[in-house]
Amino acid sequence: MFKRFLILALAGATIASCKKSGTQPAQPQTPLNAAIDAKFIHAGAVDKSLIVEYSTFNPNADCNKKVFNAAIATVSGGSGINKVTIIGENLTMDFDRDSNVMPSRVSLTSGTVLYKAANQSWPWKGYLSITKQNNLLSLDQFNKDVLIKVNAVNTGDAAQLTSQTAFGNVMTAEYALTKSNPAYSQAIALEVQASTPITIRHQFEISCDVPGFIDPQDTLIIDMTLTRGFAKPVFKDLGNSTTSYSVEVYPDWVTESLSDYIALQYFTKIVFPIIK
């Protein structure tokens, strides 16, 4: 049963507050109707979806076990509803019919104190962890077979690798803007060229202060969210057994990836003990 509540390392889209209209269309009868008054259940923005305004029903709360289980039953049963979104005081949860885990996405509820604390322009560096798949490849050859390039997307900015180290099967590298012009988007074009099979993990190193979750003296390394509609890495065969992996990294990714991380921590520490 516990597996039903596990969360993937998702980057769940942040849900804006639901706007009420004067007249709501009739809603289908679902397990949610037995768990919460129908006046707190509304049609979602997409077809066959529902939004539950839980924090309106129960101020300063995110969810209870009854509503949580009803959301799962609604999308997994024969109600015809494919998606349920529960908007809590601090956490928004999505439940999707096609997902093997519930909730399928979690995000901080937009406009809350916690959301604003996480979504700030924190100092950051890009962080790469590159793992070689050929364990017989020497460290010297590993260094020769992997080339990392970084450039600022705009001429008003400048970027560079700030460190690059290989040890064992893993190469780590940091990159950052070294000249930042706020008038531009401050994006960094990142490319990894490799003539040996590799696995790349994209991360951010952030110095931030989110009360209750991250202390100001802490340095946090978190996975880069690549599923929020951002451009995914582009793979290109350069010939001579060399492959190029390229992506453009934007500052907004930092705050949104951090927000996703805090949402996951919030669910694990605060919401899960209530609904398990």
Side-chain angles (χ1 to χ4, degrees), residues 6-13 99-101 104-105 122-154 157-180 185-208 218-261 264-265:
L6 290 178
I7 299 180
L8 294 175
L10 299 169
S99 177
N100 293 322
V101 293
S104 53
R105 290 180 175 180
W122 301 107
W124 65 277
K125 292 181 180 180
Y127 190 85
L128 290 178
S129 179
I130 302 172
T131 304
K132 64 180 182 181
Q133 297 180 16
N134 180 3
N135 293 329
L136 299 179
L137 192 70
S138 69
L139 187 61
D140 181 62
Q141 193 61 48
F142 187 26
N143 278 308
K144 292 178 180 178
D145 285 355
V146 176
L147 175 64
I148 304 172
K149 299 180 179 180
V150 293
N151 292 287
V153 172
N154 301 294
D157 296 330
Q160 69 178 31
L161 282 175
T162 53
S163 70
Q164 181 176 346
T165 306
F167 182 78
N169 293 332
V170 180
M171 177 183 296
T172 59
E174 289 182 350
Y175 61 92
L177 286 174
T178 53
K179 178 183 178 183
S180 179
S185 63
Q186 301 178 49
I188 297 176
L190 170 68
E191 181 184 13
V192 178
Q193 295 181 6
S195 54
T196 186
I198 59 172
T199 301
I200 304 176
R201 186 178 183 182
H202 294 267
Q203 296 177 302
F204 290 120
E205 181 180 298
I206 311 173
S207 298
C208 56
D218 292 343
T219 296
L220 179 70
I221 295 179
I222 60 174
D223 288 336
M224 179 191 297
T225 295
L226 291 174
T227 56
R228 278 185 178 268
F230 302 149
K232 294 185 178 180
V234 175
F235 298 84
K236 185 178 179 180
D237 185 355
L238 300 179
N240 298 318
S241 301
T242 302
T243 303
S244 169
Y245 310 80
S246 60
V247 67
E248 290 186 359
V249 182
Y250 292 84
D252 288 349
W253 295 15
V254 179
T255 53
E256 293 185 15
S257 295
L258 175 62
S259 187
D260 289 341
Y261 171 83
L264 179 59
Q265 294 299 307

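The figures here come from the full heavy-atom set of this structure, side chains too, leaving out hydrogens, waters and symmetry mates.
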Gap between atom NZ of Lys144 and atom OG of Ser195 - 0.5 Å precision: 11.0 Å
Yes or no on side-chain contact (heavy atoms from CB on, under 4.5 Å) for Phe204 and Val249, after CA distance, side-chain angles and deciding distance? CA-CA 10 Å; Phe204 290 120; Val249 182; 3.7 Å; yes
Euclidean distance, Asp260 CG relative to Trp253 CH2, rounded to 0.5 Å: 13.0 Å
Separation between OG of Ser129 and CD1 of Ile221, rounded to the nearest 0.5 Å: 9.5 Å
Note: Phe167 and Leu139 closest approach over all heavy atoms is N-CD1, 4.0 Å
Is it the case that Asn154 and Ser185 place a side-chain donor and acceptor less than 3.5 Å from each other? yes
Under the salt bridge (Lys or Arg N to Asp or Glu O under 4.0 Å) test, which residues partner Lys132, sequence neighbours left out? none
Would you check if the side chain of Glu174 reaches a backbone N or O of Tyr127 as a donor-acceptor pair within less than 3.5 Å? no
Closest non-hydrogen atom pair between Ser104 and Ser99, with its separation: CB-OG, 3.4 Å
I want to check something: taking the side chain as every heavy atom from C-beta on, are His202 and Leu190 in contact at a cut-off of under 4.5 Å? yes
Step-by-step side-chain contact (heavy atoms from CB on, under 4.5 Å) determination, Met171 to Asn143: CA-CA 8 Å; Met171 177 183 296; Asn143 278 308; 3.6 Å; yes
Should Thr196 and Gln141 be marked as a side-chain contact (heavy atoms from CB on, under 4.5 Å) after you check the CA-CA gap, both sets of side-chain angles, and the distance that decides it? CA-CA 9 Å; Thr196 186; Gln141 193 61 48; over 6 Å; no
Value rounded to 0.5 Å, distance of CD1 in Ile198 from OG1 in Thr131: 9.0 Å
Write down the atom of Ala159, the atom of Asn151, and the distance for their closest heavy-atom approach. CB-C, 4.1 Å
Residues Ile148, Tyr175; criterion side-chain contact (heavy atoms from CB on, under 4.5 Å); working and verdict: CA-CA 10 Å; Ile148 304 172; Tyr175 61 92; over 6 Å; no
Going from OG on Ser244 to CG on Leu238, what distance comes out if it is rounded to the nearest 0.5 angstrom? 5.0 Å
Could you work out, with side-chain hydrogen bond (donor to acceptor under 3.5 Å, both in side chains) as the rule, every residue matching Asp157, not counting sequence neighbours? none
When every non-hydrogen atom of Gly168 is compared with those of Phe142, the smallest separation belongs to O-CD2, 4.3 Å
Minimum heavy-atom separation for Ile188 to Ala176, with atom names? CD1-C, 3.9 Å
Show the nearest heavy-atom pair for residues Val153 and Ala189, with the distance to one decimal. CG2-N, 3.9 Å
Can you see whether Thr242 engages Gln193 through a side-chain donor-acceptor pair at a distance of less than 3.5 angstrom? no
Listed once per pair and sorted, the side chain to side chain donor-acceptor pair (under 3.5 Å) pairs that draw on residues 160-169, sequence neighbours left out: Asn135-Asn169
Just how far is it from atom CD1 of Ile200 to atom CG of Leu128, taken to the nearest 0.5 Å? 7.0 Å
